[in-house]
Amino acid sequence: MEERRPDNMERITTEALAKAFIDEKVQAIKEQVGERRVLLALSGGVDSSVVAALLIRAIGRNLVCVHVNHGLLRKGEPEQVIRVFRDEMNANLIYVDAVDRFLDKLAGVADPEKKRHIIGEEFIDVFAEEARKLDGVDFLAQGTIWPDILESEAGVKAHHNAGGLPADIADRFELVEPVRILFKDEVRMVGKALGLPDNMVYRQPFPGPGLGVRCVGAITRDRLEAVRESDAILREEFAKNGLEGKVWQYFTVVPDFKSTGVKEGKRTFDWPCIIRAINTTDVMEVTVEHLPDELIDHLVERIIREVPGINRVLYDFTPKPPATVEYE
Ligand code: XMP
């Protein structure tokens, strides 16, 4: 469906405009798809979640969602995807627990580009395996949005049709891209009007390789848990302190080295946890968010007390450039 965003299209800035978009799109999906079935890789990110909610409204259980848990998601994310889509929206959702498979493939791999490559390839393999198991699915839905199209046209970033799937799978499907003419803020408006929870609609950006690029060096299960637990504490404290939705992106990183500390009179030898909190408009240039001292003290205290394997908390004061947002 090669729909273009008209130059003069009104920006979706109100609930009423979002609802009108939804009505129109639901009708268009029904016309395109009819009684046939649609497949969607549902990560739980804003774009795929909004696409899922739109398609569920249009075709109900003829949408087949596949949620792949690669073990690199944030704390509570797979559970939330299942709760929101399967339990609350009655979605036809296939949950794939691929945690061991990903972590086994990543074991001992310290090179950042190799890690990213393995995660991307493995994701496609797992999704393609699920797709091959399904009969009678003619469409593949994607959360492509307008900036993806602009970027790929400008040659900034390759935008893969059918998400880089192998040809035997990709060729089987016709694409359904119901939010491709929308900007990110419009996708959020539509998600809100579809009744998705705020923490899904206003979610901060999260890289495809997930916590894998924040568990710097070769990923081990214990260090990955330290990233996941410290990230959960950081997100909880940002929410409590009214910073959620105000700071553009914030997360923790646990690098693969240890230092000496002392706890209850005994020597420790554990990892540091690095906090990164940044603001930006275009992610090309990024400034560092300066947190209040009391919040920093509280975060240090909680992370040290609650996260096994951490004996030091550091704050990253580096803008981009010279540092990138993520560590790998
Ligand atoms: P960097 O580290 O390049 O990050 O300064 C800029 C923004 O992009 C996000 N990021 C990714 N997003 N897939 C994504 O969808 C990825 O592989 C990826 N890597 C980085 C990063 O979180 C930041 O918001």
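All ligand and atom numbering here is 1-based and tracks the order in the structure.
- Here the protein heavy atom with the shortest distance to atom 22 (O) of ligand 1 is E326 OE2, 2.5 Å.
- By the 6.0 Å contact criterion, CD on E15 is open, its count of non-hydrogen atoms from other residues, nucleotides or ligands being 12 or less.
- Salt bridge annotation for K133-E130: present, with a cationic side-chain nitrogen under 4.0 angstrom from a carboxylate oxygen.
- For atom 24 (O) of ligand 1, the closest non-hydrogen atom of the protein is Q249 OE1, 2.7 Å.
- A tilted orientation is assigned to the rings of Y315 and F317, their planes being inclined by 30° to 60°.
- When only interatomic distances are considered, the shortest N/O to N/O separation between V325 and ligand 1 falls below 3.5 Å.
- What you find for V283 and K320 is that their closest heavy atoms are O-NZ, 2.7 Å.
- Considering backbone and side-chain N/O of R116, one or more are found under 3.5 Å from N/O of ligand 1.
- A side-chain donor-acceptor contact under 3.5 Å links R276 to the backbone of T318.
- When non-hydrogen atoms are compared, ligand 1 lies under 4.0 Å from neither the backbone nor the side chain of Y327.
- Within 4.0 Å of atom 13 (N) of ligand 1, at least one protein heavy atom is present.
- A donor-acceptor pair under 3.5 Å is absent between the side-chain atoms of R57 and the main chain of V26, judged by distance alone.
- Among P205, S43, P207, the residue whose heavy atom sits closest to atom 11 (C) of ligand 1 is P207.
- The shortest N/O to N/O separation between K320 and ligand 1 falls below 3.5 Å.
- Residue T324 has at least one heavy-atom neighbour below 4.0 Å for each of these atoms of ligand 1: 1 (P), 2 (O), 5 (O).
- Under a cut-off of 6.0 angstrom, the local environment of CG in D282 is crowded, with over 12 non-hydrogen atoms contributed by other residues, nucleotides or ligands.
- Not one N or O of P209 is nearer than 3.5 Å to an N or O of ligand 1, by distance alone.
- Taking a cutoff of 4.0 Å between a charged side-chain nitrogen and a carboxylate oxygen, R235 and D231 qualify as a salt bridge.
- Among all protein heavy atoms, the one lying closest to atom 15 (O) of ligand 1 is G208 N, 3.7 Å.
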